[in-house]
Peer 1: 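Okay, handing you the structure first.
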Amino acid sequence: MPELPEVETVRRGLAPAMEGAAIETVEVRDRRLRWPIAGDFEKRLRGQTVEGLGRRAKYLLMDLSSGDVLVMHLGMSGSFRIQQPGHSGMRAKRADPESINANRDYGFRARGQQAASRNDERNDKPGHFYHDHGKLAAHDHVVFGLSNGATVIFNDPRRFGSMKIVPRARLDDEPLLRGIGPEPLGNAFDAALLAKACAGKATSLKAALLDQRVVAGLGNIYVCEALFRARLSPKRRASTIATRGGEPTGKARALADAIKAVLNDAIKAGGSSLRDHRRADGSLGDFQHNFLVYDREGRPCPGGCKGTVRRFTQNGRSTFWCPSCQK
DNA sequence: CGGCATACCTGCAAGC
DNA sequence: TGCTTGCAGGTATGCC
């Protein structure tokens with residue numbers, strides 16, 4: 001699912017619910033993510049206050065009062081949702097967006113109702129919120145119960161996502177993050193930096209932009225979209241947008257501008273919802289309606305050039321483009 | 001080292 | 001209807 005705009009949307013959705021709250025309970029229901037969740041995971045999180053929620057490339061970084069950072073990746077199918085006290089965790093069907101909040105129940109357990117898990121028992125008394133573990137769905141792998149009553153749930157059908165705890169002081173040495181290129185929405189990113197990263201690269205522009213060492217956070221959708229906006233061919237050698245010294249050409253400027261614009265537009269729309277990506281509050285992102293070429297094979301070129309959007313496989317993944325105006 | 005294929009995993013749609 | 005096939009938003013790993 002998620003590229004930079006979707007991860008940023010998730011971050012913005014989770015931050016208000018998590019920052020300043022303590023993690024009271026951690027339930028790992030399936031440790032088999034991309035790598036097994038470490039054995040001390042729960043112990044290192046329990047009791048910690050969430051000091052901040054950041055993002056680097058497609059990673060979410062949860063800063064904890066212990067000095068640890070929880071480094072999380074959504075893989076292809078990961079998502080978070082928040083259950084607030086007083087709301088059920090039922091998710092609306094896509095065809096029925098109005099029902100998102102329709103299925104309420106009480107955040108206080110009715111008398112005689114069984115606690116759903118041992119984690120609930122400590123809060124299972126009148127006047128205390130319980131963490132609503134009773135509404136968990138398939139592929140809900142990690143459940144955080146917060147001191148403010150909210151429950152934050154990580155769901156990931158394909159289990160390509162990951163969670164790893166790293167001491168903040170060693171974040172710079174973390175292999176998952178080390179070597180990642182510039183943040184495309186950061187101040188440092190510009191045509192010169194992009195040109196330098198592409199200089200000398202024999203591979204295609206498409207492959208170069210997918211390489212997280214060149215630019216952070218782009219994936220298949222936004223690479224296709226940025227290349228279209230810049231009218232550059234995905235097949236072009238990456239080195240051809242820089243001069244020999246790594247100096248930017250006009251093409252590098254166009255591409256850097258296109259990358260920033262498409263990411264900003266997508267974040268503004270709350271990301272793209274292809275299969276079931278949602279914001280953490282359950283609402284859908286809208287940007288998929290603004291795709292110009294991605295998943296639009298056979299349609300007329302949206303640039304009005306009389307060409308047709310085509311699709312071909314490049315490095316094992318679908319590329320969508322307009323061969324008549326992307327050069 | 002750079003560039004490329006492969007592997008990991010589930011769900012869904014299309015085709016037979 | 002039910003089966004098979006291919007494809008999906010990512011990235012670490014291993015091979016040349």
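Remember, predicted model here, so these are calculated numbers, not experimental data. Chain A is the first sequence line, chain B the second, and so forth, proteins listed ahead of strands; every chain is numbered from 1.
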Peer 1: Rounded to the nearest Å, what distance is computed from the CE atom of residue Met72(A) to the P atom of nucleotide dG10(C)?
Peer 2: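 One finds 18 Å between P of dG10(C) and CE of Met72(A), rounded.
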
Peer 1: Can you measure Arg158(A) atom CZ to dG9(C) atom P for me and round it to whole angstrom units?
Peer 2: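 Answer to the nearest Å: 9 Å.
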
Peer 1: Check whether any side-chain nitrogen or oxygen of Gln212(A) sits under 4.0 Å from OP1 or OP2 of dG10(C), and answer yes or no.
Peer 2: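 Negative; the distance criterion is not met.
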
Peer 1: Going by purine N1 to pyrimidine N3 plus the second Watson-Crick contact, or the G-U wobble pair, all under 3.5 Å, which nucleotide sits opposite dC9(B)?
Peer 2: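 dC9(B) is unpaired by these criteria.
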
Peer 1: Please find the pair of heavy atoms, one from Val215(A) and one from Pro184(A), that lie closest to each other, and give the distance.
Peer 2: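 Minimum heavy-atom contact is CG1-CB, 3.7 Å.
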
Peer 1: Under the 5.5 Å and 30° test, is Phe160(A) stacked on the base of dC8(B)?
Peer 2: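 Ring-base stacking flag set for Phe160(A) and dC8(B).
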
Peer 1: Who is the Watson-Crick or G-U wobble partner of dG9(C), with both distances under 3.5 Å?
Peer 2: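 Its partner: none found.
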
Peer 1: Base, sugar-phosphate, or nothing for Gly219(A), non-hydrogen atoms under 4.0 angstrom?
Peer 2: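 If one applies the 4.0 Å heavy-atom cut-off, Gly219(A) turns out to touch the sugar-phosphate alone, with no base involved.
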
Peer 1: dG11(B) phosphate, OP1 or OP2: any side-chain N/O from His139(A) under 4.0 angstrom?
Peer 2: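 Yes.
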
Peer 1: Nearest to the side chain of Ser318(A), heavy atoms from C-beta on, is which of dC4(B), dA8(C), dA12(C)?
Peer 2: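 My answer, after comparing the listed nucleotides, is dA8(C).
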
Peer 1: Just to be sure I understand the rule, does Ala207(A) reach a base, reach only the sugar-phosphate, or reach nothing, if contact means heavy atoms closer than 4.0 Å?
Peer 2: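 The residue Ala207(A) makes no contact with any strand.
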
Peer 1: Under 4.0 Å, counting only non-hydrogen atoms across every strand here, what does Arg32(A) touch: a base, just sugar-phosphate, or nothing?
Peer 2: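 Contact class for Arg32(A): none.
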
Peer 1: Return the value, rounded to whole Å, for the distance between atom CZ of Arg31(A) and atom P of dC8(B).
Peer 2: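 These atoms are roughly 22 Å apart.
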
Peer 1: For Ala138(A) and for Arg34(A), locate the closest nucleotide of DNA chain B by heavy-atom distance; then report the residue assigned to the nucleotide nearer the 5' terminus.
Peer 2: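 Here Arg34(A) is the residue nearer the 5' end.
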
Peer 1: May I ask you to evaluate whether Thr203(A) reaches the phosphate of dC4(B), defined as a side-chain N or O under 4.0 Å from OP1 or OP2?
Peer 2: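 Answer yes for this pair, as a side-chain N or O of Thr203(A) is under 4.0 Å from OP1 or OP2.
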
Peer 1: Would you indicate what Leu176(A) reaches in the nucleic acid, counting non-hydrogen atoms under 4.0 angstrom: base, sugar-phosphate, or nothing?
Peer 2: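 Sugar-phosphate only.
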
Peer 1: Once you round it to whole Å, what is the distance between P of dA13(B) and CG of Asp295(A)?
Peer 2: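 Atom CG in Asp295(A) sits about 13 Å away from atom P in dA13(B).
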
Peer 1: Assess whether atom CG of Asn187(A) is packed by more than 12 heavy atoms of other residues, nucleotides or ligands within 6.0 Å.
Peer 2: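 Counting neighbours around CG of Asn187(A), 12 or fewer heavy atoms of other residues, nucleotides or ligands fall under 6.0 Å, so no.
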
Peer 1: Please check if the side chain of Lys260(A) supplies one atom and the backbone of Phe189(A) the other of a donor-acceptor pair under 3.5 Å.
Peer 2: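 Pair found, side chain donor or acceptor close to backbone of Phe189(A).
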
Peer 1: Roughly how far apart, to the nearest Å, are dG11(B) and dA12(C) at atom P?
Peer 2: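 Approximately 24 Å lies between the P atom of dG11(B) and that of dA12(C).
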
Peer 1: What is the separation between atom CG on Asn220(A) and atom C1' on dG10(C), rounded to the nearest whole Å?
Peer 2: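 Taking CG of Asn220(A) and C1' of dG10(C), I get 10 Å after rounding.
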
Peer 1: Does a side-chain N or O of Ser162(A) approach OP1 or OP2 of dT11(C) to a distance below 4.0 Å, or not?
Peer 2: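 Checking Ser162(A) against dT11(C): no side-chain N or O falls below 4.0 Å of OP1 or OP2.
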
Peer 1: Of all the nucleotides listed (dT10(B), dG2(B), dA12(C)), which has the minimum atom distance to the side chain of Trp35(A)?
Peer 2: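 My answer, after comparing the listed nucleotides, is dA12(C).
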
Peer 1: Give me the atom names and distance for the closest heavy-atom approach of Ser79(A) to Leu74(A).
Peer 2: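 Closest approach of Ser79(A) to Leu74(A), heavy atoms only: N-CD2, 4.3 Å.
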
Peer 1: Looking at Glu8(A) and Arg12(A), is there a salt bridge between them, counting it only when a charged N and a carboxylate O are closer than 4.0 Å?
Peer 2: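 Salt bridge flag = yes for Glu8(A) with Arg12(A).
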
Peer 1: On a whole-Å scale, what distance lies between the C1' atoms belonging to dG9(C) and dG3(B)?
Peer 2: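 Going atom to atom, C1' in each nucleotide, I get 23 Å.
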
Peer 1: Run through Arg310(A), Gln314(A), Lys235(A), Arg311(A) and flag the one making a side chain to side chain donor-acceptor pair (under 3.5 Å) with Thr319(A).
Peer 2: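 Answer after filtering Arg310(A), Gln314(A), Lys235(A), Arg311(A): Gln314(A).
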
Peer 1: Distance check: side-chain N/O of Lys58(A) vs OP1/OP2 of dT11(C), anything under 4.0 Å?
Peer 2: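 Yes, because at least one side-chain N or O of Lys58(A) sits under 4.0 Å from OP1 or OP2 of dT11(C).
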
Peer 1: Under a 3.5 Å cutoff, is there a donor and acceptor pairing between the side chains of Ser65(A) and Glu51(A)?
Peer 2: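 Their side chains do not contain a donor-acceptor pair, so the 3.5 Å distance test is not met.
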
Peer 1: Using a distance-only criterion (donor-acceptor N/O pair, under 3.5 Å, no hydrogens), is the base of dA8(C) paired with the side chain of Arg317(A)?
Peer 2: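 Between dA8(C) and Arg317(A), which were checked side chain against base, a qualifying N/O pair under 3.5 Å is absent.
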
Peer 1: Can you measure Leu74(A) atom CG to dG10(C) atom P for me and round it to whole angstrom units?
Peer 2: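 Rounded to the whole Å, the gap is 11 Å.
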
Peer 1: Nearest whole angstrom, please: distance from the C1' of dG10(C) to the OH of Tyr222(A).
Peer 2: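 Those two atoms, OH and C1', are 15 Å apart.
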
Peer 1: What is the distance from CZ of Arg237(A) to C1' of dG2(B), rounded to the nearest Å?
Peer 2: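 Rounded to whole Å, this separation is 12 Å.
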
Peer 1: When you measure only distances, ignoring hydrogens and angles, does the side chain of Arg159(A) come within 3.5 Å of the base of dT10(B) through a donor and an acceptor?
Peer 2: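 It does not, because no donor-acceptor pair links the side chain of Arg159(A) to the base of dT10(B) below 3.5 Å.
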
Peer 1: Please state whether the phosphate of dT11(C), meaning OP1 or OP2, lies under 4.0 angstrom from any side-chain nitrogen or oxygen of His73(A).
Peer 2: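 Yes, because at least one side-chain N or O of His73(A) sits under 4.0 Å from OP1 or OP2 of dT11(C).
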
Peer 1: Reckon Lys201(A) has a side-chain N or O less than 4.0 Å from the OP1 or OP2 of dG2(B)?
Peer 2: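 No, Lys201(A) has no side-chain N/O under 4.0 Å of OP1/OP2 on dG2(B).
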
Peer 1: Using a cut-off of 4.0 Å on non-hydrogen atoms, how would the nucleic acid contact of Tyr59(A) be classed: base, sugar-phosphate, or nothing?
Peer 2: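 Tyr59(A): backbone/sugar contact only, no base atoms under 4.0 Å.
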
